[in-house]
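Lettering of chains follows the sequences in order, A, B, ..., and the numbering in each one begins at 1. Computed from heavy atoms alone, side chains included, the values below leave out hydrogens, waters and symmetry copies.
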Amino acid sequence: MQLNLKSLFWNAIFVLVLISVCWLIYASGKRIDYNWNWERVVPYIATNAASSINAPADGEIVLAANNQLVLQNLSGDTIVELGGYSSLSVYEGDLIFEGDSLATIEEWRIGPILQGVITTIKISAWSLVFALFLGLFIGLMRISSNPALKKLSVVYIELIRGTPLLVQIFIVYFFIGTVLDLERFTAGVIALSVFTSAYVAEIVRSGIQSIPKGQMEAARSLGMNYPKAMIYVILPQAFKQTLPPLAGQFINLIKDSSLVSVISITDLTKAGREVVSGSFAPFEVWFTVAALYLILTSGLSWAIQALEKKLSASD
Amino acid sequence: MKNIIRAEKVNKIYPNGCHALKDVSVNVDKGEVIVIVGPSGSGKSTFLRTLNQLETINNGAIEIDGIDMYARSTDINKLRQDVGMVFQGFNLFPHKTALGNVMLAPLKVANRAPKEVKKDAESLLKKVGLADRQDNYPNHLSGGQQQRVAIARALAMTPNIMLFDEPTSALDPEMVGEVLDVMKDLAKEGMTMVVVTHEMGFAKEVADRVMFMEDGELLVSDTPNNFFDTPSNPRLQKFLSKVL
Ligand SMILES: Nc1ncnc2c1ncn2[C@@H]1O[C@H](COP(=O)(O)OP(=O)(O)OP(=O)(O)O)[C@@H](O)[C@H]1O
Ligand SMILES: [Mg+2]
């Protein structure tokens, strides 16, 4: 009971501190001469504003056999059927030039910010997969008894960890990208996976080395060769050990992905920058961007925790 | 009769310079139970581990079932399937259930059909008295139970030889008996066994021959009666006076 009261007290303190921080942010927002306009951000996330259907070529509006309006080009072929649209802006007999508005429709479309979120997810997911495999590979080289493999992996890890990611992105995009004719997106994924894999390799190495020697001996004594012993005995155990540090590394990956905006990939950060200049609501946009990153990282963190829980059956 | 294990003048020098085995020669017949005793650091484990090449040797020769272990053409992974090993620390795979531990090698090494493997694994666990514990993870088993699973796991590859390195040393006294009983049953079935242990009772009762090692040398190899009742080697006499 005593303990319960005490923990209640400190939890109350926690909530109090959170509320005061929020209030402080709110108060400082009020103090500066700034008009908070959160609704301005919404259309950049998703919008159902009307968009117009434009004529792809010159032609004429005619009534087709099924009693519906169509756009025919100059040689009499139907190029756009207008029957499906409710708000038409043309009438039968109108002469139409390329680019004229034929009708408007209202439908939900994702805005540039959500588009940025999707790009960020895509680039992070690809990089995560490649980083995991590359890191596993380099990590295994790192503990290999073959001096060539071992030294190569050490050089790789030191080189990658010793240089800033931003510089690596520039090198991959401008140097390797030019030599191999890479797309921006590919260059971004390569830079991010290479960078992350060096850290994953170290995590993999320490994870494998934390498994008692007896496990490998037991596996080998049953007749397993080294790869089989690794795959069926050592790595499953090491994987469990490395999940928490891997989670941290992959959360870093999502955040680091914001750096690819420097090579003009329109990820969440770049989308934010673009929207800021058009929306006149910079504070709101940046807070929104931060919140979206937070949703991505906490989603990943939650997923990995769920996986950890599932794997803890043998504890 | 042909020896199932032949070790000829085996020498092992660890990279740190420790000369752990000095000209050790041992021949074991099929179905024989050998118990090796000796003071700590005398090279018992090292010798046992050379028999399935967990330790490579620097000098000498080892033949298992007529196959030269160090011949170019020898597939060590294949040879190891014929030599089961039980460790002092059990070394069960913690991410697998008892049944999973027993099934892993038959599935992944022998590539046998899962259904058949499961049936065999279940009857092996029954044999070591753990039919009702097959779905437990090692962390949910007592030491004695873990060691019995480990024996079942080693037997799953149907080896002709079983090596035991102090299988009861890490156990609480009340659990030693259950593991020794399984080993006795195995001996009765005619399994060839090489056992390093401090259980002198087991040696007297089950062993066909008892060997004494000290400082990397194999000094005595004799029947249990001669070994314990009329030891002639003064170093063995000294050792026995301490442990008996
Ligand atoms: N991996 C190793 N590297 C270097 N020296 C070792 C290694 N393993 C064992 N030794 C040494 O080899 C000698 C024999 O060791 P071994 O483990 O075979 O003895 P043992 O008879 O099994 O002893 P115990 O009863 O304590 O298990 C010891 O002096 C030991 O210090
Ligand atoms: Mg030992």
Seminar exercise, completed: Nearest heavy-atom contact between B:Phe93 and A:Ala218 is CE2-CB, 4.0 Å
For this session: May I ask you to decide if A:Tyr232's main-chain N or O and B:His95's side chain share a donor-acceptor pair within less than 3.5 Å?
Result: yes
Problem set entry | Part of B:Phe87 within contact of chain A (heavy atom distance under 4.5 Å) | side chain
Exercise. Could you walk me through whether A:Glu217 and B:Arg49 pass the side-chain contact (heavy atoms from CB on, under 4.5 Å) check?
Worked result: CA-CA 10 Å; A:Glu217 290 180 351; B:Arg49 291 158 59 85; 2.7 Å; yes
Exercise. Given that the side chain runs from C-beta out, which part of B:Val83 has a heavy atom under 4.5 Å from chain A: side chain, backbone, both or neither?
Worked result: backbone
Seminar exercise, completed: With chain A, the option among B:Asn52, B:Leu79, B:Leu54 that has the most non-hydrogen atom pairs under 4.5 Å is B:Leu54
Seminar exercise, completed: Max heavy-atom pairs within cutoff under 4.5 Å with chain B, candidates A:Arg220, A:Lys240, A:Lys228, goes to A:Arg220
For this session: For atom OH of B:Tyr70, decide whether the heavy atoms of other residues, nucleotides or ligands shown that lie under 6.0 angstrom number more than 12.
Result: yes
Problem set entry | Non-hydrogen atoms of A:Met224 and B:Leu104 that approach each other most closely | CE-CD2, 3.5 Å
For this session: Mind listing the closest non-hydrogen atom pair of B:Ala105 and A:Leu222 along with its distance?
Result: CB-CB, 3.9 Å
Problem set entry | Greater than 12 external heavy atoms within 6.0 Å of A:Glu183's CD | no
Exercise. Hey, is NZ on B:Lys184 packed in by over 12 heavy atoms from elsewhere, all under 6.0 Å?
Worked result: yes
Problem set entry | Minimum heavy-atom distance between A:Asp315 and B:His140, given as atom pair plus value | O-NE2, 2.7 Å
For this session: Answer yes or no: does atom OH of B:Tyr137 have more than 12 heavy-atom neighbours from other residues, nucleotides or ligands under 6.0 Å?
Result: yes
Seminar exercise, completed: In terms of heavy-atom pairs under 4.5 Å with chain A, the winner among B:Lys96, B:Met157, B:Lys108, B:Lys78 is B:Lys108
Exercise. For B:Leu92, does its backbone N or O pair with a side-chain atom of A:Gln215 as donor and acceptor, under 3.5 Å?
Worked result: yes
